[in-house]
Amino acid sequence: MIRPILLLSFFIAFTANNIAQEQQYRIWFNDKPESVHSVDEPEKFLSEQAIAHREKQNIPIDSTDLPIDPVRLKKLSELGARILTTSKWLNTASIALTDTADLSAIASLSFVKKYESLGVAVQPVSNLKKRQKQIESESENPYGDAALQIEVHNGDELHRAGFTGKGMTIAIIDGGFFNADRNPKFDQNKIVGNHDFIDKKMDFTHGDTHGSSVLSTMLVKDSSVFIGTAPDAAYWLLRSEDTDTEYPAEEDYWVAALEYADSIGADVITSSLGYSEFDDSRFNHTWDQLDGKSAFISQAAAMGVQKGLLIVVSAGNEGGNNWGKITFPGDVDGVLTVGAVSPNLKPAYFSGRGFTADGRIKPDIMGIGVTAATITSEGNTAWKDGTSFSAPIIAGLTACLRQALPDLSAQEIVGLIKNNSSQSLTPDSVMGYGIPDFYAAYRQGTGIEPSLKEDIPLQIIYREGIPIIKIKRLPIGESSIALHIYTLEGVIIQEYNVSENSETPLYTLKKGIYILAARCQSNYWTQKIQRL
C-alpha cells in the first residue's frame with residue numbers, strides 16, 4: 001500500500017470529510033454515445049496543446065476522449081448517487097450511496113453495463129508522526145542542497161545546454177499542496193493551475209504537505225539554497241488522494257486527474273501515489289495483477305500511454321515489507337517507473353521491486369530517494385526518504401529532455417532515458433535499467449555523439465541505406481563483442497556475437513531509428529543507428 005503518509009515523508013493528516021457511512025461503487029457504462037460533444041470538434045473538450053500533442057504523434061482522437069454524457073450522470077444523481085468522479089477513457093462513474101437500496105434502480109438503467117463495490121471509506125485516526133532528517137549542508141555549487149540529485153543524472157549539463165523546462169507543462173498528481181500558493185521559494189507565476197478531484201476546490205491553507213515537497217524538487221530556483229530539476233517549467237497541481245485513508249475509489253480519482261492532465265496538454269505527468277493494499281483487505285490487489293492491465297488505475301495509465309502521454313510514477317516503498325513489489329500503476333508498460341537509490345547509488349531497502357507478473361523489467365530506472373533534498377512549506381531545506389521524491393526529480397529532467405527533443409514521441413523519450421542508464425544492457429528487477437544520464441540521452445537523441453564518449457572499437461557504415469556494423473578492433477584481452485539492437489522504446493529485436501574485422505549488415509531492419517548496444521567484458525557502448 002502506498003499512501004503519501006507511508007512514502008517515508010511522514011506528514012500530518014488533515015481533517016477527513018464526513019462520508020464514513022457512504023458505500024462507494026464503480027459504475028461501468030455499456031456504450032459511449034456522442035451527445036454534447038463530438039470527435040469532430042475536439043477543441044470543445046481538449047486544449048489546443050493536447051490536440052497538438054496528438055497530431056505530432058499521429059494518435060487519433062476517438063470516442064474514448066469524449067466526456068461522459070451529463071444526462072447519464074444526472075440520472076444517477078436523481079437515483080440517490082453522489083458522483084465522486086468519472087473516467088471518460090474507461091467509461092465509468094464512481095458514486096457514493098447513503099442508501100444501498102438505490103443500487104438496484106441504478107443497476108437496471110439501460111446504459112449501465114455492470115457495477116462493482118469499492119467499499120466504505122472509513123476515516124481512521126493516523127498515529128504516524130512527521131519525520132524530517134535535517135542535514136546542514138554548505139555548498140558553493142549553484143544547485144545548493146539539490147546538487148547531488150541533479151548531478152548524478154548529468155542534469156546540470158542538460159541545464160547548461162539551455163534546457164531547464166521552459167515551455168514545458170508538468171502536471172503533478174498527489175495528495176495535497178499545503179502552502180504551495182505562498183511558499184517563499186516557489187515562483188507563483190510557474191504554478192499555472194490546480195484542481196482538486198475530491199473536494200472540488202483546492203485548499204492550500206490546510207491538509208497535506210506531500211505534494212508541495214514533490215513540487216519543490218522540480219520548481220525551486222534559488223541558487224543560494226536549491227535549484228530543482230525543471231525550474232523554468234509550468235506546473236499544474238492536481239489532488240486525487242485522501243491521505244487519511246486508503247480505499248479503492250482513490251484509483252478513480254487518480255484516473256480522473258490523469259485524464260484532466262491529458263486534456264490540458266501536459267508534457268509530463270508525474271505522480272508519487274501508488275496502490276497495492278487498502279484499509280478494507282477485501283479489495284487488496286495481488287501480485288498476479290501486476291501485469292499492466294488488471295488494476296483499474298493501470299488500465300487508465302496504459303490508455304494514457306496509448307494516447308501519447310509521458311507518465312512518470314514512483315515504484316513505491318514496499319520493497320522492505322510483505323508486498324515487496326512495485327505498486328500500481330507502476331506495472332504499466334510505457335510508464336516510466338522510478339525506484340530509489342541512496343547517495344552511494346545503492347538501491348534503497350524500501351524501493352519497490354519487479355519483475356511484473358508477466359516478466360517485464362520494472363522498475364524502469366532509479367533516482368535519489370534517500371535523503372533527497374526538498375523544500376518545506378516555510379522555504380527551508382528538508383531531507384526526505386522515498387520514491388515519492390526520486391520520481392519527480394526524474395520527471396523534471398524528463399521535461400527538460402522533452403524540451404530539448406521536441407520532435408520525439410513520449411515513448412521515444414522513455415526509450416532514450418532507459419538506453420542511457422547505467423544498467424541498460426543488464427537490467428534487473430531491483431534497479432531496472434539503472435541510473436539515467438540525461439545529458440547522454442540528449443546527445444544521443446540529437447545524433448551529436450554516442451551515449452558514451454570512449455573510443456569505441458566499431459563503426460557504422462551504410463551501403464544502399466543498410467547499416468553495417470564494422471568491428472575495427474577488439475579491446476585488449478577480448479575475443480568478441482556482443483551486439484544488441486533495440487527500438488527507441490527499449491525492445492530488443494536482434495542480437496549478434498561478432499569478432500575483430502567483421503562486418504554485420506542489418507538487412508532485416510525496417511526503416512527507422514534504432515539503438516545499437518555493444519558489450520564486452522571490460523566495457524560497453526551505445527549509439528543511434530538508422531535504417532534508411
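With hydrogens and angles left out, the side-chain atoms of Asp428 and Gln423 include a donor and acceptor closer than 3.5 Å. Of the N and O atoms on the side chains of Gln494 and Tyr496, at least one donor lies less than 3.5 Å from an acceptor on the other residue. A side-chain donor-acceptor contact under 3.5 Å links Asn317 and Thr387. No hydrogens or angles considered: nothing links the side chains of Asp331 and Thr356 as a donor-acceptor pair under 3.5 Å. For the residue pair His53 / Asp267, a side-chain donor-acceptor distance below 3.5 Å is found, with atom types taken as modelled. In this structure, a donor-acceptor pair under 3.5 Å is absent between the side chains of His159 and Asp156. Lys384 and Ser213 are linked by a side-chain donor-acceptor pair at a separation below 3.5 angstrom, with hydrogens and angles left out of the test. In summary, the side chains of Ser272 and His210 do not present any donor paired with an acceptor at a separation below 3.5 Å, with no hydrogens or angles considered. No hydrogens or angles considered: nothing links the side chains of Glu250 and Ser240 as a donor-acceptor pair under 3.5 Å. Side chains of Asp437 and Asn420: no donor on one and acceptor on the other come within 3.5 Å. Asp145 and Thr381 form a side-chain donor-acceptor contact under 3.5 Å, judged by distance and modelled atom types alone.
Put simply, the side chain of Glu503 never gets that close to the backbone of Ile471: no donor and acceptor are under 3.5 Å apart. Between the side chain of Thr217 and the backbone N or O of Thr374 there is no donor-acceptor pair closer than 3.5 Å. Here the side chain of Lys221 pairs no donor or acceptor atom with the backbone of Pro231 at under 3.5 angstrom. At least one donor-acceptor pair closer than 3.5 Å links the side chain of Lys362 to the backbone N or O of Val332. In terms of modelled atom types and a separation under 3.5 Å, the side chain of Ser212 and the main chain of Phe178 share a donor-acceptor contact. A donor-acceptor pair under 3.5 Å is formed between the side chain of Asp364 and the backbone N or O of Thr337. At least one donor-acceptor pair under 3.5 Å links the side chain of Gln403 to the backbone N or O of Thr164. Using modelled atom types, one side-chain atom of Glu412 and one backbone atom of Ser409 make a donor-acceptor pair closer than 3.5 Å. Between the side chain of Ser422 and the backbone N or O of Gly434 there is no donor-acceptor pair closer than 3.5 Å. No donor-acceptor pair under 3.5 Å is formed between the side chain of Thr327 and the backbone N or O of Gly274.
Residues Trp254 and Phe197 place their aromatic rings such that the two centres sit no closer than 6.0 Å. The aromatic ring centres of Phe163 and Phe438 sit 6.0 Å or more apart.
Salt bridge Lys201/Asp196: absent, no basic N to carboxylate O contact under 4.0 Å. Taking the charged nitrogens against the carboxylate oxygens, Asp203 and Arg239 have no contact shorter than 4.0 Å, which rules out a salt bridge.
Using a 4.5 Å heavy-atom threshold, the side chains of Trp89 and Gln299 count as separate. No side-chain heavy atom of Glu48 sits under 4.5 Å from any side-chain heavy atom of Glu43. Inter-residue side-chain proximity for Phe204 and Asn179 is flagged as unmet; no heavy-atom pair is nearer than 4.5 Å. When side chains are defined from C-beta on, Phe177 does not count as touching Asp208, because their heavy atoms never get closer than 4.5 Å.
Going from atom OH of Tyr442 over to atom OG1 of Thr446 covers 5.0 Å, rounded to the nearest 0.5 Å. Separation of atoms CG (Asp174) and CG (Leu238) is listed at 10.0 Å; rounding is to 0.5 Å. Taking CG of Leu506 as the start and CD1 of Ile485 as the end, the distance is 5.0 Å to the nearest 0.5 Å. One finds the CE atom of Met303 at 8.5 Å from the CD atom of Glu259 (value rounded to the nearest 0.5 Å). Here OG of Ser502 is found 11.5 Å from CD1 of Ile468. Values are rounded to the nearest 0.5 Å. Note: Gln57 CD to Lys307 NZ = 12.0 Å, rounded to the nearest 0.5 Å.
Ser314 and Leu273 make their closest contact through OG-N, 4.2 Å (heavy atoms, listed as atom of the first residue, atom of the second, distance). Here the shortest heavy-atom pairing between Ile297 and Val255 reads CA-CG2, 4.1 Å. In this structure, Tyr433 and Ser421 approach most closely via the heavy-atom pair O-CB, 3.0 Å. Of all heavy-atom pairs between Pro347 and Met431, the closest is CD-SD, 3.8 Å. Thr376 and Ala382 get closest at one heavy-atom pair: CG2-CB, 3.5 Å. For the pair Leu397 and Gly155, the tightest heavy-atom approach, listed with the atom from each and the gap, is CD2-CA, 3.8 Å.
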Show the numbers, then the answer: is there a side chain to side chain donor-acceptor pair (under 3.5 Å) between Glu241 and Tyr275?
-> CA-CA 11 Å; Glu241 171 84 2; Tyr275 301 90; 2.3 Å; yes
Asp407 and Arg402: CA distance, side-chain angles, deciding distance, salt bridge (Lys or Arg N to Asp or Glu O under 4.0 Å) verdict | CA-CA 9 Å; Asp407 294 330; Arg402 190 159 211 191; over 6 Å; no
Which is it for Lys346 and Val341 under the side-chain contact (heavy atoms from CB on, under 4.5 Å) test, yes or no, and what are the steps along the way?
-> CA-CA 5 Å; Lys346 301 297 183 183; Val341 294; over 6 Å; no
So Tyr260 and His195, ring pair (Phe, Tyr, Trp, His ring centres under 6.0 Å) or not? Walk me through it.
-> CA-CA 9 Å; Tyr260 188 87; His195 194 93; 4.8 Å; yes
Please walk me through it: do Leu258 and Ile311 pass side-chain contact (heavy atoms from CB on, under 4.5 Å)?
-> CA-CA 9 Å; Leu258 181 66; Ile311 305 170; 4.0 Å; yes
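Put simply, the residue from Val220, Leu219, Asp222 that forms a side chain to side chain contact (heavy atoms under 4.5 Å, CB included) with Ile375 is Val220.
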